Structures are given as C-alpha cells and as structure tokens.
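Following: one structure in structure tokens, then a few remarks.
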Amino acid sequence: MSSESAYPETDKKSGCGHVPKKHSLFMGVVVCSKTIQSVRRFRRSYELQVVLFVLLTAALPNLVGHLHSKGETRNKDNFLQPVWELVLTYIPSMASHFMFGSVCAMTTFFVSCLYFSYKDLMRHDTKIQKDWWPTLHDMIVAAVPQMLSYSAANYFTWILMDIRVDLPKNAPSIWEFMRDVGIMFIVGDFYIYYMHRTMHKFVFLRDNIHCVHHSYRKVFSWAGGWVHPLEDLTAVLTQVACPIWFLKPHPFCFWMFVSLWTLLMVDEHSGHDVWWSPYKWVPFGAGGGGAPHDIHHYKPNTNFGFVFNVWDILFCTMEEVSDWYPGKTDFEPWVGGKKFAPVNGFVPIEGWNEEKLAEMQKID
C-alpha cells in the first residue's frame with residue numbers, strides 16, 4: 001500500500017493536532033507522537049521515582065520480612081555447609097563481629113582495584129577509552145587516601161564497637177542463598193539509582209557533594225571510590241538498608257552480597273569492559289557495568305544505573321553503549337597528567353541541564 005492510500009489526507013490534522021503521518025503504530029494501536037513524548041516525560045520524571053521509592057520501602061516488610069523467622073531451622077545437608085563449617089571452625093570470633101561484612105567489602109575493593117590497575121598499566125585491550133590511560137602516579141594519588149581512610153575507619157570501629165552477631169550452626173541452602181542475594185541486589189540497586197538521581201536533581205547536592213565523584217571524567221578503578229564522605233555514607237546505607245532492616249539474611253549471604261556488590265562497583269568505574277561485567281551476560285541489555293556507566297561521566301544525565309540498566313530503561317535515562325567517546329582520536333594515547341587529576345568543585349559539562357539534555361535526546 002502506498003503512502004498516499006495509507007494517508008489520503010496528509011494535510012489535514014487529526015484531533016490531537018498532528019497530521020496522520022506523524023503517528024506511530026505501537027502494538028497494533030495508532031499513537032500520536034505527542035502522546036509518546038508525554039509518556040516518556042512521565043517515565044523520566046523524578047516525582048515518579050519518589051512515589052516508587054516510598055511504595056517499595058513501605059511494602060518491603062511484607063514482601064521479604066517473613067522469609068526468615070526467628071525459630072527458623074536450616075537443612076544441614078546442603079552444598080554450602082562445608083564452607084560454613086570452615087568459618088565456624090577457623091574464624092568464629094572474627095566472623096561474629098558485626099563489622100566482618102565491612103572488612104570483606106574493603107578487602108574486595110582493594111583487590112579488585114589492584115586487578116584493574118594491573119590492566120591499566122599493562123594496556124589491556126578491554127579499556128573503553130583507549131586514548132586515555134591513568135599513570136601509576138594517578139593511581140597512587142587516588143588509592144592512598146582511600147586505603148588509609150577505609151582501613152582506619154574499619155579498624156577503629158572494630159575496636160570501639162565490639163558488637164557480636166549469632167552465627168547459625170547451619171549454612172543457607174542454595175535456594176536461600178540465590179534468593180536472598182538476588183533480593184538484596186535488586187532492592188539495593190533501585191535504592192542506589194534513586195540516590196544517584198537525587199544527587200543530580202538537586203543543585204546543592206550536585207555542586208557540593210556529588211561533584212567530588214564527577215571530578216573524574218575519565219574513570220579508572222580507584223576513581224570509583226573518590227566520593228564525598230556524605231555520599232559514601234549514603235551509598236553504604238542503600239547497600240545495607242534491605243538486609244539489615246527488612247530481609248535479615250544468613251550472615252554468609254550478607255558477606256557474599258557486600259563482596260560481590262563492591263566488586264561490581266569497582267567494575268562499573270574501572271574504565272574497562274570485561275567479560276564478566278553484568279552488561280555482558282544479563283539478558284535484554286539490562287545489565288550495568290563499566291561500558292554503560294563510562295558514558296555517565298561525560299553525559300551525566302544518562303546511565304545512572306549500577307548493577308542493572310533496567311532502571312535506566314524504565315525511567316528513560318538509558319544511553320546505549322557505542323564505541324564513541326569525547327575526544328576519541330586515532331593518535332597515540334594521552335597518558336595521565338594534571339588534567340586527569342581531581343578538581344576542586346564542579347565544572348559544568350554538557351548534560352547537567354535536564355531540559356537541554358532532553359531536547360538533545362528528543363525525549364521531551
């Protein structure tokens with residue numbers, strides 16, 4: 001059928017004010033482009049996120065609070081029991097401290113950062129922005145303050161707050177492990193997406209707190225932890241809110257969750273696109289990681305997600321991964337230097353203005 005037969009009166013406007021050729025076919029229904037734009041604007045709205053955040057937080061006690069009763073018994077014959085027996089036999093005193101999960105996270109952070117630092121120094125081809133490489137000096141400047149501050153914070157908290165938790169005799173079953181870790185990832189990921197959008201939404205938070213993190217436009221592993229102390233605290237709260245206040249999982253599930261969460265946080269800011277990043281294996285493009293989040297640091301109103309991109313897709317803040325980035329050249333890579341170091345305060349770059357970005361991306 002020709003376009004003339006499909007739209008015999010293309011000069012006449014429909015009831016919505018647009019000519020028929022500006023309508024789209026969506027699931028067998030003819031939809032006006034103005035309606036599509038309104039739906040996208042609604043999905044992108046911060047107010048929608050506030051409503052969902054409140055609803056989720058209110059519903060969590062009923063959704064997951066019943067999964068672990070006080071008199072719960074676990075099956076001794078399961079796959080994880082030998083591992084749990086090693087914990088109970090060799091490090092019961094250390095593992096029973098309430099800060100043990102934090103120590104696991106800190107250790108994972110240091111080891112994974114060193115892993116990506118090695119990839120940077122060896123110039124591995126997994127690098128996303130191959131025209132920029134951090135130098136050893138860049139890594140030391142970012143790493144030493146974090147290693148000292150995190151180590152000191154964990155050490156003094158461990159000494160001054162000797163709070164103990166009961167270690168169950170039995171390990172969690174495989175089903176319980178996968179279920180609880182999955183719940184903590186999904187809820188924590190939505191919370192951190194909401195927190196991240198909030199940091200960008202309000203000018204004071206953006207220009208006085210979140211700007212510290214965005215002082216790195218070209219990220220590498222140690223740059224991921226370069227954040228304002230208040231943002232660091234908020235990020236930790238989004239991580240532990242579900243397990244501590246709602247789910248109350250087995251200690252082993254919690255330790256594995258915070259360790260994997262930290263590993264993926266480092267991957268997200270590594271500047272590398274590694275094979276095990278969620279972006280590579282989570283179906284339907286719903287996984288986050290280094291490749292999607294690298295875009296956020298030069299288009300800051302896109303790709304707020306962490307482990308999953310599903311929130312960016314749902315709220316219309318997703319920018320598809322491509323092989324382009326600002327300043328991409330065919331010349332020899334530029335390495336480190338003053339321009340690579342953190343800056344004091346926030347220097348606005350393209351993308352902070354929501355209305356301008358929406359116009360550029362044709363979503364408003």
Side-chain angles (χ1 to χ4, degrees), residues 13-60 62-63 183 185-207 209-210 214 234-235 238 241-242 268 278-279 282-289 292-293 295-322 348-364:
K13 293 184 177 180
S14 61
C16 65
H18 289 83
V19 295
K21 66 181 180 180
K22 293 204 171 185
H23 290 63
S24 301
L25 191 65
F26 178 72
M27 298 182 67
V29 179
V30 177
V31 182
C32 173
S33 60
K34 186 177 180 180
T35 302
I36 295 175
Q37 290 175 357
S38 298
V39 171
R40 287 178 176 175
R41 189 181 301 113
F42 171 72
R43 286 168 56 190
R44 187 181 173 85
S45 66
Y46 178 76
E47 291 74 17
L48 174 62
Q49 278 196 286
V50 173
V51 172
L52 293 178
F53 173 81
V54 172
L55 290 176
L56 176 64
T57 304
L60 274 176
N62 295 322
L63 292 175
I183 290 173
F185 263 112
I186 293 172
V187 175
D189 200 63
F190 175 73
Y191 277 176
I192 204 166
Y193 178 90
Y194 173 77
M195 182 273 289
H196 198 176
R197 279 289 299 270
T198 301
M199 288 287 179
H200 282 252
K201 176 68 175 177
F202 297 99
V203 175
F204 177 81
L205 298 178
R206 186 187 70 200
D207 292 352
I209 295 178
H210 195 50
H214 272 275
T234 305
T238 63
C242 176
E268 182 187 37
Y279 172 73
V282 176
F284 310 113
H293 192 74
I295 298 171
H296 175 77
H297 280 260
Y298 58 81
K299 284 190 176 181
N301 270 12
T302 64
N303 296 11
F304 296 95
F306 176 30
V307 179
F308 304 110
N309 285 333
V310 64
W311 315 117
D312 285 302
I313 297 171
L314 177 64
F315 298 116
C316 286
T317 56
M318 182 67 193
E319 176 83 8
E320 294 296 332
V321 174
S322 70
I349 59 178
E350 185 178 65
W352 280 109
N353 186 294
E354 293 240 4
E355 295 180 358
K356 178 182 177 182
L357 184 76
E359 182 180 350
M360 290 169 51
Q361 297 181 324
K362 301 184 185 303
I363 64 171
D364 243 336

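FYI, side chains are in, hydrogens and waters are out, and symmetry mates aren't considered; it's all heavy atoms of this structure. The structure presented is a predicted model; accordingly, all values stated were derived computationally and were not measured.
- Residue Trp311 holds its CH2 atom at 11.5 Å from OG1 of Thr317, rounded to the nearest 0.5 Å.
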For residues 49-59, which side-chain donor-acceptor pairs fall under 3.5 Å, sequence neighbours excluded?
residue, atom, partner, partner atom, Å
Gln49, OE1, Arg197, NH1, 3.3
Thr57, OG1, Phe53, O, 2.8
Thr57, OG1, Tyr191, OH, 2.8

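- With sequence neighbours left out, the side-chain hydrogen bond (donor to acceptor under 3.5 Å, both in side chains) criterion links Thr198 to Tyr46.
- Distance check, rounded to the nearest 0.5 Å: CZ of Phe190 to CD1 of Ile186 gives 12.5 Å.
- For Phe304 and Phe315, the distance between ring centers is not under 6.0 angstrom.
- Here the closest non-hydrogen pair linking Phe308 and Asp189 is N-OD2, 3.3 Å.
- With hydrogens and angles ignored, the 3.5 Å screen pairs a side-chain donor or acceptor of Arg43 with a backbone N or O of Leu314.
- Residues Gly287 and Pro292 share a closest heavy-atom pair of O-CG, 4.1 Å.
- Annotation: the span from His196 atom NE2 to Thr238 atom OG1 amounts to 11.5 Å, rounded to 0.5 Å.
- In this structure Phe42 satisfies the ring pair (Phe, Tyr, Trp, His ring centres under 6.0 Å) test with no other residue, sequence neighbours excluded.
- Closest heavy-atom contact between Ile183 and Cys242: CG2-SG, 4.1 Å.
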### Message
As a quick check of understanding, evaluate side-chain contact (heavy atoms from CB on, under 4.5 Å) for Phe284 and Ile313, giving each step before the final call.
### Response
CA-CA 10 Å; Phe284 310 113; Ile313 297 171; over 6 Å; no

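- For the atom pair Ile192 CD1 and Phe185 CZ, the distance stands at 11.0 Å (nearest 0.5 Å).
- A donor-acceptor pair under 3.5 Å is formed between the side chain of His200 and the backbone N or O of Pro300.
- The two residues Thr234 and Met195 have their closest heavy-atom pair at CG2-CG, 3.3 Å.
- A donor-acceptor pair is defined here as one N or O able to donate and one able to accept, closer than 3.5 Å; no such pair exists between the side chain of Asn303 and the backbone of Ile295.
- For the residue pair His296 and Thr302, the shortest heavy atom distance occurs at ND1-O, 2.7 Å.
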